[in-house]
Trainee: 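The structure that follows is given in the form of structure tokens.
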Amino acid sequence: MTKELAKGYEPHDVEKRWYGEWESKGYFRAAATSDKKPYSIVIPPPNVTGALHMGHALNNTLQDILCRWKRMQGYNVLWMPGTDHAGIATQNVVERQLAAEGKDRHDLGREDFIERVWKWKAESGGQIIGQLKRLGASCDWERERFTMDEGLSKAVRTVFVKLYEDGLIYRDNRLINWCPRCHTALSDIEVEHEDHKGHLWHIRYPVAGEPGRFVTVATTRPETMLGDTAVAVHPEDERYTDLIGKSVVLPLIGREIPIIADEYVEREFGTGVVKITPAHDFNDFEVGLRHGLDKINVLDESGVINAAGHQYEGMDRFAARTRIVAELEEAGLLEKIDEHPMSVGGCYRCKTVVEPYLSLQWYVKVAPLAERALDAVKTGKTRILPKQWENTYYDWMENIRDWCISRQIWWGHRIPAWFCDHCGEVNVAMDAPTKCTKCGSDELRQETDVLDTWFSSALWPFSTMGWPEQTEELKTFYPTACLVTGFDILFFWVARMMMMGLHFMDEVPFTDVYIHALVRDAHGHKMSKSKGNVIDPLTVIDQYGTDAFRFTLAAFAAQGRDIKLAEERIAGYRNFCNKVWNAARFTLMNLEGFDPDTVSYETLEYSQGDKWILHRLNETARIVDETLTGYRYNESAMALYQFTWSEFCDWYLELSKQDIYNGSPERKQATRYVLWYTLENLLRLLHPFMPFITEEIWQALPGTKATPTIMQAPYPVACDSRSFPQDAADMERIMAVIGGIRNIRGEMEVPPSKQIAVILSCDSEDTRRLMKHNESAIISLARVSDLAIGHGIEKPEDASIQVAGDVQIYVPLKGLVDVAAEEERLLKEIGKIEKEIEMFSKKLESPAFVDRAPAEIVAKERQKLADVTAKKLVLEESLEKIKKLR
RNA sequence: GGGCGUUUAGCUCAGCGGGAGAGCACUGCCUUCACACGGCAGGGGUCACUGGUUCAAUCCCAGUAACGCCCA
């Protein structure tokens with residue numbers, strides 16, 4: 001039954017082989033209907049242009065851990081995969097290709113361009129799917145969706161029409177954020193603000209009809225003065241009271257504009273006089289509305305000055321700035337230039353400086369939607385974890401502004417609205433109407449704008465399950481169990497899914513939102529191509545294997561903290577994989593001819609060590625269950641790591657050797673059973689974290705398997721019948737004795753090849769029996785040739801001593817070491833103990849502590865002090881004796 | 001300007017109201033029949049600073065500083 005395993009773990013072949021097997025056998029498939037309890041997660045759809053980066057790797061590893069875990073727990077698990085059409089990003093990719101051919105999208109025209117994008121997608125889009133598979137992602141690939149596939153497009157149109165009919169979608173001509181390179185509107189959150197060193201230009205505007213009199217305005221954007229339609233002062237600013245109602249003459253242009261008073265003006269800013277440019281500044285736009293000012297747009301869609309800019313027409317906005325400043329200076333109208341730090345908005349796709357731009361766009365009225373989304377979190381229908389993010393969510397939801405959803409690009413869901421050229425009516429419908437619903441004209445033009453990419457993503461939890469059709473999938477899997485994501489898309493995506501889910505499904509889209517960290521480089525910097533500090537997950541996988549990488553991510557995924565990915569840690573977990581592998585090799589080597597099917601757990605007689613490892617295994621299962629339930633991945637990973645390495649390998653495997661090699665047939669059989677049992681359970685516990693190596697080993701284990709894959713084997717649960725706290729505690733006393741002997745060996749530099757004689761003097765009969773009962777373990781793990789156990793034994797004069805609980809350990813030194821070394825060792829040991837004694841004594845001497853601390857705490861401290869004092873006494877006596885030997 | 005987070009061993013990070021932990025790195029011994037990607041033993045920390053609460057603070061509270069992030 002058992003197979004030979006290679007000496008070291010070689011991940012690549014194993015990964016490829018098992019992933020292919022799992023996928024082809026349909027183990028990732030979810031049933032639309034099932035008796036099992038459902039558990040569903042929708043993947044945050046990566047951009048179809050995307051390549052796997054650290055963020056994806058973390059995000060998807062965490063989801064896969066949950067899915068594999070829940071699947072093993074017997075749930076009907078759906079992990080819904082797919083990709084996002086990523087409007088602007090994808091259009092940019094194809095436009096860059098065209099540019100390389102010396103063309104732009106207008107050379108192709110809309111239809112051909114879109115066709116070209118589809119072609120690009122078919123050929124090179126979605127490479128990330130293959131990369132997710134290398135990560136081991138157990139998505140139900142047969143259900144893979146795309147935000148622009150037919151079903152999802154229908155969902156998008158349905159939602160748009162319904163929201164329009166509900167009065168929650170409207171058109172308006174106002175200022176939006178405009179990217180002069182992408183030639184499209186952006187929503188507020190698609191603008192990334194960055195601090196820049198800017199300037200504050202002080203410009204003199206001559207007062208009309210009062211030659212020689214000026215007001216000085218301060219501005220960070222002098223070129224927009226071309227569109228000024230007023231200057232404003234604070235109504236209570238005494239410096240300018242007499243000017244209110246008068247006019248100034250706009251320099252360079254000569255247009256006369258009014259001086260108005262508005263409380264928006266900060267008296268302390270600049271000179272207290274500001275220019276008002278309603279078409280190019282968000283605040284000025286509001287002022288303009290209050291005062292009925294004209295809005296003069298001086299830019300075209302590329303950020304070039306238009307005809308309204310008179311002599312500056314055709315100049316780029318930044319060139320115009322330079323020219324205007326120069327000409328103002330020439331005219332003696334430039335008073336001064338101050339340094340001025342300012343925040344500049346950039347397009348989140350291409351980093352171009354965005355322009356507040358006056359245009360007619362479509363909006364979603366979000367206030368009513370936001371209210372429900374807010375309420376759902378406040379009432380706990382959806383939990384956001386870690387909890388601190390709830391406040392961020394509340395803040396944003398409470399201050400939310402209407403969502404600009406139209407984009408002037410071609411790649412995306414075209415807005416289902418048709419304008420009647422005859423009567424101007426806007427017809428919004430699922431499908432192209434043949435005539436105007438108002439006037440019956442057939443002169444209809446479809447809106448050319450497409451929807452914000454995030455509009456379709458907002459529907460993802462239900463559109464992927466077939467909505468608006470009432471499918472079995474929707475019934476079974478909506479709402480989903482958990483959404484795993486980074487905080488960077490909390491607003492872009494999570495908040496909007498909440499709003500749309502509640503509005504259209506009347507239920508939250510997920511009950512938990514788990515927000516994970518951002519992956520940074522080892523120094524805490526954001527990874528970016530320009531900084532050259534990007535670590536490519538695929539390179540890591542090539543180098544260390546998927547399992548090691550996944551385990552690293554899980555171990556780093558502490559809540560509420562960014563991950564600084566240190567490569568040494570990955571190497572450390574690669575070593576861990578190798579350790580698991582070799583533990584399995586050892587176990588299999590010793591299971592030759594062993595058939596677990598013929599052995600029953602109940603009939604075997606277990607040793608102290610057996611019970612200890614069974615107990616620890618049980619505890620580990622309990623901890624993993626608890627921590628994973630709370631999304632405390634790092635704690636699960638640590639518990640598994642410690643158990644595997646420090647307990648199973650370092651102690652149990654070593655303990656088992658003497659029983660396997662020298663034990664009675666019964667002892668040998670029980671040991672083989674416990675080895676098999678522990679390893680088999682451990683593999684299942686580890687599987688969600690390390691899917692490949694666990695499957696590879698599990699398949700090699702002897703015994704009949706109830707399932708064809710470890711993926712479907714039940715996840716271990718802690719049970720009281722396999723909990724042996726007393727035996728485990730006793731075992732730990734044995735381990736302490738072994739530790740004591742090893743300490744002497746180590747400190748005295750006795751090589752492992754040298755066997756030593758040891759005398760154990762126990763303070764009680766109980767302890768003596770325990771030691772005696774486990775003497776073979778002590779002999780074998782401490783490499784003892786001669787072990788004497790008794791109580792009240794006098795310490796031989798030339799022996800080295802160590803104390804473990806109520807056991808004194810004597811190691812006769814003759815021929816091993818010189819007394820000086822022992823003296824030094826004892827002094828060191830006593831030094832350590834003295835510190836402890838001091839601490840406990842101090843505490844117990846304080847009446848306040850003894851009187852007010854809980855009795856059990858005081859008793860505990862007393863016991864500790866007694867133990868430590870006794871130990872010190874023994875060590876001191878032996879130090880005296882050693883000194884005499886000199 | 002508003003909000004949030006972080007500060008613990010040389011490095012990367014856990015932890016947390018009652019004797020400071022892990023991995024890597026470091027020192028010593030060891031090619032012990034699973035593993036040198038290993039074993040055993042060991043060194044190393046006024047848990048950022050200042051106050052407060054408490055019998056007891058690395059942990060709770062307040063403030064300070066440095067760094068980072070988000071929003072305006």
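Just so you know, these numbers use all the heavy atoms, side chains as well, and skip hydrogens, waters and symmetry mates. Note that the structure is a prediction, hence the values are computed from the model and not measured. Naming convention: chains lettered A, B, ... in sequence-line order (proteins, then strands); numbering from 1 in each chain.
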Trainee: Among B/rG19, B/rG38, B/rA41, which is the nearest nucleotide to the side chain of A/Glu836?
Mentor: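 Of the options given, the side chain of A/Glu836 lies nearest B/rG19.
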Trainee: Whole-Å distance between B/rC4 C1' and A/Tyr394 OH?
Mentor: 16 Å
Trainee: Using atom C1' of each nucleotide, how far apart are B/rG38 and B/rC33 to the nearest Å?
Mentor: 14 Å
Trainee: Quick one: which of B/rA14, B/rC37, B/rG18 gets closest to the side chain of A/Glu861?
Mentor: B/rG18
Trainee: Give one of base, sugar-phosphate or nothing for A/Val858, where a contact means two heavy atoms less than 4.0 Å apart.
Mentor: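 Here A/Val858 touches no strand at all.
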Trainee: Starting at the 5' end of nucleotides 28-36 of chain B, put B wherever the base has a protein heavy atom under 4.0 Å, S where only the sugar-phosphate does, and a dash everywhere else.
Mentor: SSS-B-BBS
Trainee: Is it the case that the base of B/rG42 and the side chain of A/Glu747 share a donor-acceptor contact (distance under 3.5 Å, atom types as modelled)?
Mentor: no
Trainee: Tabulate atom names and distances for all N/O pairs under 3.5 angstrom spanning the protein and nucleotides 69-72 of chain B.
Mentor:
none

Trainee: Counting any heavy atom closer than 4.0 Å, what does A/Tyr573 reach on the DNA or RNA strands: base, sugar-phosphate only, or nothing?
Mentor: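 Counting heavy atoms under 4.0 Å across all strands, no contact is made by A/Tyr573.
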Trainee: Is the closest side-chain heavy-atom distance between A/Arg783 and A/Lys754 below 4.5 Å?
Mentor: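 Sidechains of A/Lys754 and A/Arg783: no contact.
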Trainee: How would RNA chain B look in dot-bracket form, 5' to 3', counting Watson-Crick and G-U wobble pairs with both distances under 3.5 Å and writing | for bases paired to another strand?
Mentor: (((((((..((((....[..)))).(((((.......))))).....(((((..]....)))))))))))).
Trainee: Roughly how far apart, to the nearest Å, are B/rG23 and B/rU31 at atom P?
Mentor: 24 Å
Trainee: Partners of A/Tyr673 by ring-ring contact (aromatic ring centres under 6.0 Å, His included), sequence neighbours excluded?
Mentor: A/Trp676, A/Tyr677
Trainee: For nucleotides 54-56 of chain B, tabulate all protein N/O to nucleotide N/O atom pairs closer than 3.5 Å, reporting atom names and distance.
Mentor:
| residue | atom | partner | partner atom | Å |
| --- | --- | --- | --- | --- |
| B/rC55 | OP1 | A/Arg852 | NE | 2.7 |
| B/rC55 | OP1 | A/Arg852 | NH1 | 3.1 |
| B/rC55 | OP1 | A/Arg852 | NH2 | 2.0 |
| B/rC55 | O4' | A/Ala848 | O | 3.4 |

Trainee: Mind checking if A/Phe840 touches a base, just sugar-phosphate, or nothing, with heavy atoms under 4.0 Å?
Mentor: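 If one applies the 4.0 Å heavy-atom cut-off, A/Phe840 turns out to touch a base.
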Trainee: In a table with atom names and distances, give each donor-acceptor pair under 3.5 Å that connects a side chain of residues 865-875 of chain A to protein atoms at least two apart or in another chain.
Mentor:
| residue | atom | partner | partner atom | Å |
| --- | --- | --- | --- | --- |
| A/Asp867 | OD1 | A/Gln863 | NE2 | 2.8 |
| A/Thr869 | OG1 | A/Leu865 | O | 2.5 |
| A/Lys871 | NZ | A/Val803 | O | 3.4 |

Trainee: When you check the side-chain N and O atoms of A/Glu845 and A/Ser841, is any donor under 3.5 Å from an acceptor?
Mentor: no
